[in-house]
Amino acid sequence: MPNIIEITDFEDPKLDVYARLTENQLVNRHEPEKGLFIAESPKVIERALDAGCVPVSLLLEQKHIEGQAKDIVARCGDVPVYTADFEVLTRLTGFKLTRGALCAMRRPPLPDVESVCAGARRIAVLENVMNPTNVGAIFRSAAALNMDAVLLTPACSNPLYRRAIRVSMGTVFQIPWTWLDVERKSAVCCLSETKSKTHSAEEVKIASQAAQAQAGMELLHRLGFKTAAMALSDNSIPIDDPHLMAEEKLAIVLGTEGDGLAPATIAECDYTVRIPMSHGVDSLNVAAASAVAFWQLGKCEK
């Protein structure tokens with residue numbers, strides 16, 4: 001029997017996860033094993049359950065308990081199912097665009113880079129993509145257009161942020177991913193320690209980016225991948241270059257909104273790749289560029 005609980009007190013701490021906790025509080029970096037995320041809409045919740053994510057509670061419109069969320073309620077066992085009419089739920093801070101269903105779930109432990117890349121031929125690498133909408137859109141394109149995995153640098157928006165999950169349509173649960181959080185060279189530590197004496201903050205930042213880029217690309221090379229930086233450059237090649245298409249294992253590296261990839265990352269990649277443009281347009285939004293790149297470079301025979 002489902003554990004149905006009618007909402008009467010909007011200040012009930014049990015509802016904090018939906019109404020009052022920030023994304024950073026949900027992540028719970030101090031105790032990651034207690035971290036949560038919010039899956040929104042029946043389809044997305046189903047994909048999260050299919051991936052083995054553990055539900056903590058549900059928040060539903062009353063009409064959906066025996067309607068479009070009936071199977072979800074059954075799959076979630078005896079977890080609390082908080083409910084009220086839609087007019088009541090809309091008074092709850094943060095309850096927006098839910099499509100009738102929200103589910104709080106435990107954050108699953110992430111695999112290491114080697115496990116994510118095992119058997120992969122085409123992977124996407126995101127460097128400092130900070131907009132959760134873009135991250136979600138990139139994941140949806142990656143899943144749809146033959147990418148085998150996604151790696152993200154630590155400065156990227158978390159793929160399990162509510163907006164990223166929603167925009168991805170739950171594909172964040174269908175494609176393997178993890179953080180590309182590689183150890184930086186000791187030279188950067190030494191440079192940071194002498195910052196106040198001889199180096200500016202900008203110099204330390206550039207050195208840190210260079211070390212991170214070198215370590216990340218070295219790891220991918222050890223795993224057998226050639227790396228392709230999506231960037232505007234005088235020596236870039238078109239995305240349909242036959243040498244690029246022929247690579248057995250390829251990592252497609254995309255940069256942050258606006259600035260694009262760090263120069264150090266481009267320098268460490270095997271290729272610099274461009275999408276040919278017309279009408280004087282120089283580039284696409286990173287999410288749009290990812291879809292074009294994945295469609296072209298994901299056409300290799302499996």
Side-chain angles (χ1 to χ4, degrees), residues 111-129 134-135 137-153 156 159 168 171-172 174-180 182 209-210 212-256 259-278 281-302:
D112 57 25
V113 173
E114 289 81 359
S115 298
V116 165
C117 293
R121 295 193 62 195
R122 294 291 185 263
I123 65 172
V125 181
L126 310 188
E127 179 183 83
N128 304 345
V129 178
N134 282 336
V135 169
I138 291 169
F139 264 84
R140 188 172 182 180
S141 293
L145 300 171
N146 293 318
M147 294 297 106
D148 298 310
V150 179
L151 302 177
L152 306 95
T153 64
C156 285
S168 82
T171 55
V172 294
Q174 294 179 308
I175 187 166
W177 67 272
T178 196
W179 300 106
L180 185 61
V182 290
Q209 287 177 339
Q212 184 73 49
Q214 183 175 359
M217 296 307 107
E218 285 179 351
L219 174 57
L220 291 172
H221 288 147
R222 288 199 302 273
L223 295 174
F225 288 90
K226 291 297 182 69
T227 52
M230 298 292 299
L232 299 176
S233 172
D234 292 338
N235 65 345
S236 64
I237 61 174
I239 197 165
D240 59 353
D241 184 279
H243 294 93
L244 192 65
M245 294 292 295
E247 290 292 354
E248 180 70 17
K249 299 175 70 173
L250 187 67
I252 304 159
V253 189
L254 298 123
T256 184
D259 293 336
L261 290 170
T265 301
I266 298 172
E268 292 294 331
C269 285
D270 300 295
Y271 298 96
T272 304
V273 182
R274 70 179 184 277
I275 299 171
M277 300 282 168
S278 63
V281 177
D282 62 355
S283 64
L284 298 173
N285 164 274
V286 65
S290 74
V292 175
F294 299 162
W295 179 82
Q296 179 64 46
L297 299 176
K299 291 192 293 184
C300 63
E301 293 185 4
K302 295 273 182 174

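Worth saying up front: this structure is predicted, and the values here are computed from it rather than measured.
If you take CG on L284 and CD1 on I275, they are separated by 5.5 Å, rounding to the nearest 0.5 Å. In this structure, CD1 on I239 lies 9.0 Å from CE on M245, to the nearest 0.5 angstrom. How far CZ of R222 is from CE of M217: 11.5 Å, rounded to the nearest 0.5 Å.
With hydrogens and angles ignored, the 3.5 Å screen pairs a side-chain donor or acceptor of R122 with a backbone N or O of L297. With hydrogens and angles ignored, the 3.5 Å screen pairs no side-chain donor or acceptor of D148 with any backbone N or O of A120. The backbone N or O of L223 lies less than 3.5 Å from a partner atom in the side chain of K249, making a donor-acceptor pair. A donor-acceptor contact shorter than 3.5 Å is absent between the side chain of S141 and the backbone of I138. T256 places no side-chain N or O within 3.5 Å of a backbone atom of V129 that could act as its donor or acceptor partner.
Residues meeting the side-chain contact (heavy atoms from CB on, under 4.5 Å) test with A251, sequence neighbours left out: I123, V125, L220, F225, T227. Residues satisfying the side-chain contact (heavy atoms from CB on, under 4.5 Å) criterion with D282, sequence neighbours excluded, are L232. Applying the side-chain hydrogen bond (donor to acceptor under 3.5 Å, both in side chains) criterion to D240, with sequence neighbours excluded, gives no partner residue. Listed by chain and residue number, N128 satisfy the side-chain hydrogen bond (donor to acceptor under 3.5 Å, both in side chains) test with T153 (two or more places apart in sequence, or in another chain). In terms of the side-chain hydrogen bond (donor to acceptor under 3.5 Å, both in side chains) criterion, S283 has no residue partners (sequence neighbours excluded). With sequence neighbours left out, the side-chain hydrogen bond (donor to acceptor under 3.5 Å, both in side chains) criterion links D234 to no other residue.
Closest non-hydrogen pair, R121 versus E247, comes out as NH2-O, 4.2 Å.
Evaluated for a side-chain contact (heavy atoms from CB on, under 4.5 Å) with V253, the options T272, I266, L261, L126 yield exactly one hit, L261.
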Next on the checklist: Working note: L152 + L180, criterion side chain to side chain contact (heavy atoms under 4.5 Å, CB included); need CA distance, chi angles, decisive distance, verdict.
Outcome noted: CA-CA 5 Å; L152 306 95; L180 185 61; over 6 Å; no
